Amino acid sequence: MPEPKSDRSRKDKGGKGGRSRLRRVFSADRLIGLGLLGALLAFFLSNPYPLQLAQTKTFDLYQRMSPRTVPPPESKPVTIIDLDEDSLSEVGQWPWPRNVIARLVSNLTQMGAVLVAFDMVFPEADRMNPLTIADSIAGLDEETRERLRGLPGNDALFADVIKRGRVVLGQAGFRGEKADATPPVRKSIALKGPKPHQFVENFRSLVRNVPVIEKAALGHGIFSLASEPDGIVRRVPTIFAHQGELYPSLPIEMLRVLFQRPTLLVETNEAGVTSIGIASKSVFPPNGLKLGTDSKGRVWPYFSKRDRAKYVSAREVLTGTADPALIRGKLTIIGTSAVGLLDIRSTPTEEIMPGVEVHAQLIEAVLTGNFLSRPNNINGAEAALVLIGGLLIIWLVPAVGARWTLLLFLVIAGSALGTSWYLFAERKILFDAGFAVASMLVLYVLLTYTGYAREEAGRRQVRNAFAHYLSPAMVEKLAENPSQLSLGGEKRDMTMLFCDVRGFTTISEQFDAEGLTRLINKLLTPLTDIILNRQGTVDKYMGDCIMAFWNAPLDDAEHARHACLAALAMNAEMVPLNQRLEAEAQAEGRPHLPLKIGIGINSGDVVVGNMGSDQRFDYSVLGDHVNLASRLEGQSKTYGVDIIIGDNTWRKAPDLAVLELDLIKVKGKTAAVRVHTLLGDEAVCESEVFRALSGRHSAMLEAYRGQRWQEALAQIDGCRKLCDGHNLGGVYDLYEARVREYEANPPCPGWDGVFTAMSK
């Protein structure tokens, strides 16, 4: 039979309308914008040098605008003994005779310096050694030559002074081959983790001190500094590699000697270096001294302006005229600010800064924790800002017009730049918002000037038309029963369940977006099947969280019991699920972190029905008992149990294995509620072991609420012996901690045993 003309007309119009809407959503302008956004993202992710330079210049600007505050003189940990122009003019050209340098070290030790370090190396014997003079001066009689040869050498004299003090010698890295007949370099680094040599700076050779001097020192550190391609020192290496071993930089070695540690502990992972342990809690209270680094073993000191107050002329130390307050109790580094000795660097805060001050500022940064950082996830956050900001611009310019989008762009750009400055100024985190803002601006200009005038009126019509469409999820329901278009609901006695994965953020870091999606599906599919097979309704998924309810839309007289049995089955399902996931992880060669869930269940009167607005709504529940179920799921972490149920749920399913947990005031409620943990079904409840545990547990709670603390502790010990595989260790640890706290600080009069939860 031929189709009526009017029906064909409607179908034709519907098909054309769908294609028209599709063309408008994926307009040529948006496709161009998406292509440009993809190119910008690819450019960002490739991280070319121009982008790196722009980022580092931004961070340099931040440090120039707000450099690290210079500590007052009395709290400065480091003093620089400067081989300045005055010292060179008075003592003579460099290198000085070793007896002069020995006198410099001796004077520093006598003036109270806790440590003396050299930002220089002594690779050759002193040319003023008596033996050298005896062999080099022509015309000396043999008697004079023998007398000179019998005098002690300056290097030996210098070594004796070093032995009597606390001295760290410097060494220089050398990238070429260099013959080295001296003994192996003394090692002061222990390694925890895989070798990071491919990541840290590797020297083929070291320029070292003459053996007689080197053997006398307590420590040896490499003073080489690595500049960025633009010549600025921003990140300072803390360790170096040489001949398959790791060696510390000069400042780190100074700190090791200062804290009298035999070794430094370098921690690594497959991505490189993670941290350097310098001092323990007993040496550097309260938490020890552990220095986080990037994968290459570098740190990003927060530089101050050049601090001339920490410089003392070497001439003044030699003549005894130096201010003792600048020496006593200080770490001293002997270095030079003389331009002719070629140890001048550029830093973000200064175009000219002696290299020795870079070492001094690094030590200050270590001891005060003043470091800048770029966490591993910061590149992802910057890329996300580019992507989200770009997509917003691509979508909103055609949708709401250029004028309103410009306002949004200004808000986003201002917020991004403000966040970048806030993270630097308050958190010392380097976050670059400049590329994202520039990308959004480019996209805005492109979209505004290629399609605004032609498409604005059409876009407005499309927005008006789609404003009356319903959510896609409701289409099939409305086709069967159009009366569901009305808002509203009914009051019912229902049971609600919330399930969440513990530590999912840590687990998700092992996967990319596709892998994480597959993992979520593998988790949610069996758990959803369990809920549906026990007459439950899945309300919604919230990432790794499931919300479900019972007794709607279909009646279920045993909704509380079915919800509890579903929770037990969901918890049991995690064992085979983790076994499958572990096998997949082993096959893919990655670590496996087992999935663990926490469940909260509560029953009571709630409103169920179509919730939302006139334009979009869903079948859902709301009410105080829904909120309580969510709070109970959150409290499962606090008590360390798998399942927590409310008192109403327990009363509706009294034949299950349940133990009372506590009387608590959950966040958002003023009245206390009694909560329980669900351990098993009817068979577990009837077992002798559970009955014994239940009796002990009740006695423990009675003693606790009666403030009989010693009796409560005894009952806790008894409960621990009867757990029989139930996950209750966290509960008894928590109660033991409370009891001991109340023994020391008894609760106030009228205490009713209620615990107030501070977290959700």
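None of these values were measured; they are calculated from a predicted model.
A heavy-atom distance below 4.5 Å is not found between the side chains of Lys428 and Ser373. The shortest side-chain heavy-atom distance between Leu385 and Phe435 does not fall under the 4.5 Å cut-off. Side-chain contact check for Leu255 versus Ile363: some heavy-atom pair is nearer than 4.5 Å. Put simply, the side chain of Glu245 does not reach to within 4.5 Å of the side chain of Ile189, judged on heavy atoms. Residues Pro229 and Leu53 fail the side-chain proximity criterion, which asks for heavy atoms closer than 4.5 Å. Residues Asn370 and Thr69 are not in side-chain contact: their nearest non-hydrogen atoms beyond the backbone lie 4.5 Å or more apart. By the 4.5 Å heavy-atom criterion applied to side chains, Ile507 and Lys596 are not counted as neighbours. A heavy-atom distance below 4.5 Å is found between the side chains of Arg590 and Phe511.
Remark: side-chain polar atoms of Asp155 are not paired, donor with acceptor, to backbone N or O of Ala125 under 3.5 angstrom. Between the side chain of Asn154 and the backbone N or O of Asp126 there is no donor-acceptor pair closer than 3.5 Å. At distances below 3.5 Å, at least one donor-acceptor pair connects side-chain atoms of Ser346 with backbone N or O atoms of Glu351. Between the side chain of Gln63 and the backbone N or O of Phe303 there is at least one donor-acceptor pair closer than 3.5 Å. At distances below 3.5 Å, at least one donor-acceptor pair connects side-chain atoms of Gln52 with backbone N or O atoms of Asn47. Panel note: side chain Glu253, backbone His220; a donor-acceptor pair is recorded below 3.5 Å. At distances below 3.5 Å, not a single donor-acceptor pair connects side-chain atoms of Thr274 with backbone N or O atoms of Gly292. A donor-acceptor pair under 3.5 Å is formed between the side chain of Lys330 and the backbone N or O of Lys76. No donor-acceptor pair closer than 3.5 Å links the side chain of Thr268 to the backbone N or O of Lys195. At distances below 3.5 Å, not a single donor-acceptor pair connects side-chain atoms of Ser304 with backbone N or O atoms of Val70.
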>> Checking Ile333 against Met254 for the side-chain contact (heavy atoms from CB on, under 4.5 Å) test, could you report, in this order, the C-alpha distance in whole Å, the side-chain angles of both residues, the deciding distance, and whether it holds?
In response: CA-CA 9 Å; Ile333 308 179; Met254 289 174 64; 3.5 Å; yes
> Do Asp323 and Val312 pass the side-chain contact (heavy atoms from CB on, under 4.5 Å) test, and can you show the C-alpha distance, the side-chain angles, and the key distance before you say yes or no?
Replying inline: CA-CA 8 Å; Asp323 183 358; Val312 172; over 6 Å; no
> Is there a side-chain contact (heavy atoms from CB on, under 4.5 Å) between Arg98 and Ile213 once you walk through the steps?
Replying inline: CA-CA 10 Å; Arg98 301 286 155 79; Ile213 298 175; 3.7 Å; yes
> After noting the C-alpha distance and the side-chain angles of Val386 and Glu382, does the key distance pass the side-chain contact (heavy atoms from CB on, under 4.5 Å) rule?
Replying inline: CA-CA 6 Å; Val386 175; Glu382 292 169 353; 5.7 Å; no
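Note on ring orientation: taking the six-membered ring where Trp is involved, the planes of Tyr247 and His242 are tilted (angle from 30° to 60°). Using cut-offs of 30° and 60° for the angle between ring planes, the Phe424 and Tyr62 rings count as tilted. Using bins of under 30°, 30° to 60° and over 60° for the plane-to-plane angle, the ring pair Phe122/Trp94 lands in the tilted bin.
Checked by atom type, the side-chain pair Ser313/Asp84 shows a donor-acceptor distance below 3.5 Å. At a cut-off of 3.5 Å, with distance as the only test, no side-chain donor of Thr336 or Asp343 sits close to an acceptor on the other residue. For the 3.5 Å distance criterion, the side chains of Asp86 and Ser89 fail to qualify, holding no donor opposite an acceptor.
In this structure, Ala365 and Pro301 approach most closely via the heavy-atom pair CB-CB, 4.4 Å. The two residues Phe240 and Pro237 have their closest heavy-atom pair at CZ-CB, 3.6 Å. Nearest heavy-atom pair, Val200 versus Lys296, reported as atom, atom and distance to 0.1 Å: CG1-O, 3.6 Å. Considering every non-hydrogen atom in both Pro375 and Ile429, the closest pair reads CD-CG2, 3.8 Å. Contact record, Pro324 with Met111: CA-CE, 4.2 Å, taken as the closest heavy-atom pair. Among all heavy-atom pairs drawn from Trp421 and Ser66, the shortest one is CH2-CB, 3.8 Å.
A salt bridge links Glu228 to Arg235: at least one charged side-chain nitrogen sits closer than 4.0 Å to a carboxylate oxygen. Ion pairing between a basic and an acidic side chain is recognised when a charged N comes within 4.0 Å of a carboxylate O; Asp60 and Arg234 show such pairing.
Taken from CD in Glu357 to CD1 in Ile80, the straight-line distance is 5.0 Å, to the nearest 0.5 Å. Going from atom CD1 of Ile278 over to atom CZ of Arg256 covers 11.0 Å, rounded to the nearest 0.5 Å. The structure places OG of Ser249 at 7.0 Å from CD1 of Ile276, a figure rounded to the nearest 0.5 Å. Between Leu291 atom CG and Leu362 atom CG the span is 7.5 Å, to the nearest 0.5 Å. Expressed to the nearest 0.5 Å, how far CG of Leu250 lies from CZ of Phe118 amounts to 11.0 Å. Distance check, rounded to the nearest 0.5 Å: CG of Leu430 to CZ of Phe59 gives 5.0 Å.
Applying the 6.0 Å contact sphere to CD of Glu584 captures more than 12 heavy atoms from other residues, nucleotides or ligands. More than 12 heavy atoms of other residues, nucleotides or ligands sit less than 6.0 Å from atom CG of Leu61. Around atom NZ of Lys192, no more than 12 heavy atoms belonging to other residues, nucleotides or ligands sit under 6.0 Å away. Glu514 CD: 12 or fewer foreign heavy atoms inside a 6.0 Å radius. Remark: Arg427 CZ is loosely packed, at most 12 non-hydrogen atoms of other residues, nucleotides or ligands lying under 6.0 Å away.
Cation-pi contact between Arg306 and Tyr311: present, with separation from the ring centre below 6.0 Å and deviation from the ring axis of at most 45°.
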